[in-house]
There are 2 protein chains.
Amino acid sequence: MRETAAAPRRATVHDVARAAGVSLATVDRVLNNRTGVRPNTAKKVAEAVASLGFQRDISASLLARARDLRVRFLIPAGSNEFMDSLADAATRRIETALIERLQIGVTRLPLLDAAALVENLNLLTTDFCDCAVIVGTEEPSVLAAVEAATRRGVMIMTLVSDLPASSRRHFIGIDNVAAGRTAASLMGRFCSHGGKIALIAGSMHLHDHHERLEGFRAVAAEFAGLRPLPPLEGHDEHHQTQVLVEQLLASHPDLVGIYNLGAGTAGLTAALRQTGRAGSVRVIAHELSASSRLGLTDGTIDVVLDQDPDGEIRAALAAVRTLALGSGAVENVKPIEIRIFLRDNLG
Amino acid sequence: MRETAAAPRRATVHDVARAAGVSLATVDRVLNNRTGVRPNTAKKVAEAVASLGFQRDISASLLARARDLRVRFLIPAGSNEFMDSLADAATRRIETALIERLQIGVTRLPLLDAAALVENLNLLTTDFCDCAVIVGTEEPSVLAAVEAATRRGVMIMTLVSDLPASSRRHFIGIDNVAAGRTAASLMGRFCSHGGKIALIAGSMHLHDHHERLEGFRAVAAEFAGLRPLPPLEGHDEHHQTQVLVEQLLASHPDLVGIYNLGAGTAGLTAALRQTGRAGSVRVIAHELSASSRLGLTDGTIDVVLDQDPDGEIRAALAAVRTLALGSGAVENVKPIEIRIFLRDNLG
DNA sequence: GCAATTTTGAGGTACGTACATCATGACAGC
DNA sequence: GCTGTCATGATGTACGTACCTCAAAATTGC
């Protein structure tokens with residue numbers, strides 16, 4: 001019944017050197033891909049590594065490097081609560097990360113300002129930054145700045161919104177199509193007799209919002225009687241969203257559901273409360289924040305879909321470490337999950 | 001806009017020694033609570049640690065110990081799919097954990113057999129095990145065995161089901177009351193016109209099932225028209241559950257929802273499919289498994305609440321490391337979250 | 001105030017990897 | 001066969017903590 005692990009000593013670089021019939025220095029050259037090793041010799045070492053199942057001792061590796069990994073987060077500012085909580089999550093990790101030799105810096109940039117992002121990317125050099133994690137828009141100037149930074153030796157990772165065509169080493173974010181599908185699947189079950197559903201995006205030019213909308217529409221079509229209205233744009237801003245929802249509620253007295261796939265949730269709940277419609281319209285929103293939490297608690301919002309900024313920062317930091325130490329790509333990383341909150345599992 | 005982290009060198013034991021005006025050896029004695037230090041001297045060291053903000057370098061610490069942390073999971077066997085996935089998750093981590101100097105062993109025990117658990121606990125000694133992670137029942141013999149193991153120097157942690165009154169150092173698991181509440185909250189929104197809801201537990205003597213039931217009932221009462229039937233017991237077994245559900249469906253043609261708060265989900269879906277009622281009854285079940293996944297995909301199950309065995313194992317291992325290295329308790333640990341799955345966010 | 005005991009200091013080695021230096025080997029072109 | 005380049009070996013130090021030994025100092029008991 002018990003499997004007694006025999007606790008075999010793990011292979012070290014010395015073992016690899018002996019097995020490959022080369023010196024320690026050569027093993028070191030191969031492992032850290034330095035120059036000056038014949039392909040044939042490198043192959044012998046690689047084989048020894050494989051046959052011994054050698055794995056670099058991370059503790060010793062970090063210790064020997066004796067230098068911290070410097071990560072800089074470039075995160076949009078503005079009135080967007082979600083970006084704030086991303087930045088907060090990163091800032092909160094500064095101390096903890098230091099224990100693991102990760103130096104974190106956080107820079108807030110003007111919202112949706114490609115020029116500012118490009119400028120900051122161009123400032124990055126290897127003597128104070130090993131990796132930048134950016135929330136970027138898919139524009140040519142940004143792509144060019146990413147390429148330039150990569151060429152200068154600064155690793156780039158994308159967060160929340162990807163730049164798949166760039167030299168970014170990794171992307172951290174959720175599956176936004178699945179998020180939209182999930183919202184529709186819940187809404188369809190909530191409104192089993194069908195009815196009008198309003199859709200509110202920040203901007204139709206935001207990639208993630210677009211994907212959510214696409215997912216929602218696809219699944220909503222499977223529920224008979226569910227009639228999504230054309231999407232409105234609240235520009236991720238509280239006041240605009242509030243005005244929009246007030247008009248919406250006035251012109252559609254028979255509205256049964258609202259899916260807010262962008263920010264501006266505080267405006268949405270304010271409008272619902274003010275018109276006395278809170279509780280009689282099913283509401284699904286995105287991102288856990290002070291206002292969405294309140295909405296859940298008082299029954300104005302039914303469900304919040306959240307992409308867990310803490311988890312995303314943690315995943316980003318883990319990826320940075322893996323990429324900086326190992327040579328290859330980030331393997332075996334679970335994608336960020338969509339978290340679903342009701343009033344009852346807020347914790 | 002940019003906050004340039006000044007990158008101060010982190011304090012080392014040498015710095016602490018200098019600041020406290022004592023030798024390195026004394027600092028070492030204090031940090032690793034060895035004997036032979038006057039209280040007064042220890043206080044000076046502690047003050048130096050605090051004022052410098054000294055934190056042990058984990059990499060160096062692990063390296064210097066040059067010995068792996070040996071963790072043993074004691075997990076029930078039987079036909080319980082969830083326990084299987086817990087054990088699988090632990091087994092899958094064996095290799096990965098080795099890189100971080102964690103040796104994992106997994107022992108499967110007879111289901112709900114306190115005597116077997118006690119026997120295995122009593123076998124544990126510090127020369128092959130530093131910490132045991134157990135899924136235990138709250139019985140006096142188990143509690144006594146936990147105390148004995150702790151006294152022998154083997155640290156005990158509880159998983160899924162806690163033993164709060166014992167000397168266990170930590171508990172990893174979800175809030176089962178919140179899980180039940182969430183299920184009711186969803187069910188109430190799904191069945192907005194009310195109706196009969198069936199409740200199926202494994203056994204009313206299982207602590208977690210009892211908590212889920214309690215949570216469900218409390219919230220269900222808030223939804224007018226929702227009428228939960230008295231709970232049935234399927235003993236976490238597929239066949240028994242199937243028979244139970246077949247009888248249930250026959251005697252309640254007007255049933256609108258089923259909450260299966262235990263295992264045996266494969267039997268539940270089989271009964272629904274066989275009677276042609278799949279899709280017309282809202283179904284909420286627990287734990288993602290092959291059969292619950294299939295149920296979600298084909299529309300037999302609406303929602304699955306999951307406690308993420310992978311995440312629990314990861315959290316357990318993190319806690320073991322923290323407890324073994326640091327002296328104090330596990331701080332700052334996020335509780336395991338309840339994951340909510342629909343067909344559309346299965347990934 | 002002396003012996004016995006406890007507390008502290010000084011110094012070392014070890015962990016496994018990273019990285020630097022210098023010497024030596026091989027092999028090329030001419 | 002000579003010089004120059006490239007590949008490899010030999011060897012050492014460093015990272016920060018753990019843990020060991022031995023000697024010196026401080027404190028205690030009487």
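The analysis underlying the following values was restricted to heavy atoms, covering all of them including side chains, and did not include hydrogens, waters or symmetry mates.
Taking atom CG of residue D15(B) and atom P of nucleotide dG16(D), one finds them 9 Å apart after rounding to whole Å. Put simply, CG on N32(B) is 7 Å from C1' on dA18(D), counting in whole angstrom units. Between H14(A) atom NE2 and dA14(C) atom P there is a gap of 12 Å when expressed in whole angstrom units. The nearest whole Å value for the distance from the CG atom in L24(B) to the P atom in dG12(C) is 13 Å. The CG-P distance, from L31(B) to dG16(D), rounds to 15 Å in whole Å. Rounding to whole angstrom units, CD of residue Q55(A) and C1' of dT17(C) are separated by 15 Å. If you take CZ of R65(B) and P of dG16(C), they are 15 Å apart, rounded to a whole angstrom. The nearest whole Å value for the distance from the CZ atom in R10(A) to the P atom in dC15(C) is 14 Å.
Checking side-chain atoms of S61(B) against main-chain N and O of D57(B) turns up no donor-acceptor pair under 3.5 Å. Remark: side-chain polar atoms of E312(B) are not paired, donor with acceptor, to backbone N or O of I172(B) under 3.5 angstrom.
Across dG16(D), dA10(C), dT17(C), the shortest atom-to-atom separation from the side chain of A60(B) is found for dG16(D). Of the candidates dA10(D), dT17(D), dT17(C), dT17(C) carries the atom nearest the D57(A) side chain, counting heavy atoms from C-beta on. Of the listed nucleotides (dT8(C), dC19(D), dG16(C)), dT8(C) has the atom at the smallest distance from the side chain of V37(B). Side-chain atoms of R56(A) lie closest to dA18(C) of the nucleotides dA18(D), dT17(D), dA18(C).
Sequence order on DNA chain C of the closest nucleotides to P39(B) and L63(B) puts P39(B) first from the 5' end. Between S59(B) and R34(B), the residue anchored nearer the 5' end of DNA chain D, judged by the nucleotide with its closest heavy atom, is S59(B). For the pair R38(A) and A64(B), both in contact range of DNA chain C, the more 5′-proximal nearest nucleotide belongs to A64(B). Mapping R29(B) and F54(B) onto DNA chain D by nearest heavy atom places F54(B) closer to the 5' end of the strand.
For R93(B) and D310(B), the salt-bridge test fails: no basic side-chain N is under 4.0 Å from an acidic carboxylate O.
OP1 or OP2 of dA18(D) sits under 4.0 Å from a side-chain N or O of S61(B). For the OP1/OP2 pair of dG9(C) and a distance below 4.0 Å, the side-chain nitrogens and oxygens of T26(B) include at least one atom meeting the criterion.
Within 6.0 Å of CD in E47(A) there are more than 12 heavy atoms belonging to other residues, nucleotides or ligands.
To the nearest 0.5 Å, atom CG of residue L163(B) and atom OG1 of residue T158(B) are 5.5 Å apart.
As judged by a 4.0 angstrom heavy-atom cut-off over every strand, D28(B) is placed among the base-contacting residues.
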